[in-house]
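Input: one structure, supplied below.
Nothing fancy with the numbering, it's 1 onward along the sequence.
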Amino acid sequence: KVDTVRFRSTGDEWGAFATTATVTEPGRHAVTLISPQTNGRLETSIFVQGSATEKIGSPARPEVLTEIANMTRGKVVDAANPDQIIDSLTQIPEPPPSIRRLQLWCHPLTALGFVLLLGIFWTGRKMIGMI
């Protein structure tokens, strides 16, 4: 299906145009821009992703959710019992403390410090007359 869309000047800057178009079907769409004044032509393609929403009225498949929980060492909890959910969340152990190391040799302030010290050294040598 071919559809013609006209661009309008945005008025902000010279040569800036804008338009809107609503695409109803997912997939790859070919786009061709044509300028009648210069007979210029630009062709490209745009990929439109389909809707990833769940279908309304379709129940969840609990056997699939149970299998995912078993594979990831999780737990299946009934949503009708909120106390069981709260108890499960309070039983989760705290993560172990982690050590975050800062590598000085690749830090930007280390390079800045070296350049600063070399600049002070060079300036000091110039001030006392050394070449």
Side-chain angles (χ1 to χ4, degrees):
K1 177 181 168 185
V2 176
D3 193 13
T4 302
V5 179
R6 300 227 181 254
F7 283 79
R8 291 191 177 21
S9 175
T10 60
D12 296 339
E13 295 182 24
W14 180 86
F17 294 88
T19 189
T20 58
T22 304
V23 181
T24 57
E25 300 206 11
R28 187 166 304 279
H29 297 273
V31 178
T32 304
L33 302 175
I34 301 171
S35 172
Q37 288 86 7
T38 62
N39 290 331
R41 184 180 189 95
L42 177 66
E43 295 181 4
T44 188
S45 63
I46 298 174
F47 183 77
V48 178
Q49 187 173 356
S51 176
T53 57
E54 296 180 3
K55 295 178 182 177
I56 298 175
S58 297
R61 294 175 42 197
E63 66 276 359
V64 175
L65 296 176
T66 304
E67 185 177 346
I68 292 172
N70 291 336
M71 291 177 69
T72 59
R73 292 179 283 160
K75 183 177 180 182
V76 178
V77 181
D78 186 19
N81 190 357
D83 293 333
Q84 187 180 6
I85 296 172
I86 294 171
D87 290 340
S88 296
L89 291 175
T90 57
Q91 291 176 2
I92 296 175
E94 289 290 327
S98 63
I99 298 173
R100 184 172 174 235
R101 295 183 179 168
L102 177 65
Q103 295 180 346
L104 293 178
W105 64 271
C106 64
H107 197 276
L109 289 178
T110 303
L112 181 67
F114 281 136
V115 170
L116 182 67
L117 289 174
L118 287 172
I120 291 171
F121 177 71
W122 182 80
T123 304
R125 287 178 56 98
K126 289 293 182 181
M127 288 178 66
I128 62 173
M130 298 179 79
I131 295 176

Residue pair Ala69 / Lys75: nearest heavy atoms and the distance that separates them: CB-N, 4.1 Å
Cluster link Leu42 to Ile46, ILVMFWY, side chain under 4.5 Å: yes
Between atom CG of Leu117 and atom CG of Leu112, what is the distance when rounded to the nearest 0.5 Å? 9.5 Å
Can Val31 be reached from Phe17 by stepping across I, L, V, M, F, W or Y side chains whose heavy atoms are under 4.5 Å apart? yes
May I ask you to check whether over 12 heavy atoms, not counting those of Ile99, lie within 6.0 Å of atom CD1? no
What distance do Thr123 atom OG1 and Phe121 atom CZ have between them, rounded to the nearest 0.5 Å?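 Between Thr123 OG1 and Phe121 CZ, I get 10.5 Å after rounding to 0.5 Å.
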With side chains defined as the heavy atoms from C-beta onward, is the minimum distance between Ser45 and His29 less than 4.5 Å?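 A side-chain contact under 4.5 Å is absent here.
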Give me the atom names and distance for the closest heavy-atom approach of Thr90 to Asp87.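 Looking at all heavy atoms of both residues, the closest pair is OG1-O, 2.9 Å.
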Is it the case that over 12 heavy atoms from other parts of the model lie below 6.0 angstrom from the CD atom of Gln84? yes
Counting C-beta onward and ignoring hydrogens, is there a side-chain heavy-atom pair between Arg8 and Arg6 closer than 4.5 Å?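 When only atoms from C-beta onward are counted, Arg6 and Arg8 do touch, with a gap below 4.5 Å.
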Could you work out, with side-chain hydrogen bond (donor to acceptor under 3.5 Å, both in side chains) as the rule, every residue matching Arg41, not counting sequence neighbours?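 Arg41 satisfies side-chain hydrogen bond (donor to acceptor under 3.5 Å, both in side chains) with Glu43 only.
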Under 4.5 Å between side-chain heavy atoms, counting indirect links through other Ile/Leu/Val/Met/Phe/Trp/Tyr residues: same cluster for Val5 and Ile34 or not?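 Not linked; separate clusters.
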Sorted by chain and residue number, the side-chain hydrogen bond (donor to acceptor under 3.5 Å, both in side chains) partners of Thr38 (sequence neighbours excluded) come out as Ser35
Enclosure of Glu13 CD (heavy-atom neighbours >12, cutoff 6.0 Å):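 No - once you tally the heavy atoms of other residues, nucleotides and ligands closer than 6.0 Å, there are 12 at most.
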Non-hydrogen atoms of Pro82 and Ala80 that approach each other most closely: CD-O, 3.2 Å
Between Thr110 (side chain) and Leu104 (backbone), is there a donor-acceptor pair under 3.5 Å?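 Answer holds: yes.
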Are Ile92 and Ile85 co-members of a hydrophobic cluster defined by side-chain heavy atoms under 4.5 Å apart?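 Yes, because Ile85 and Ile92 connect within a single hydrophobic cluster, where side-chain heavy atoms sit under 4.5 Å apart.
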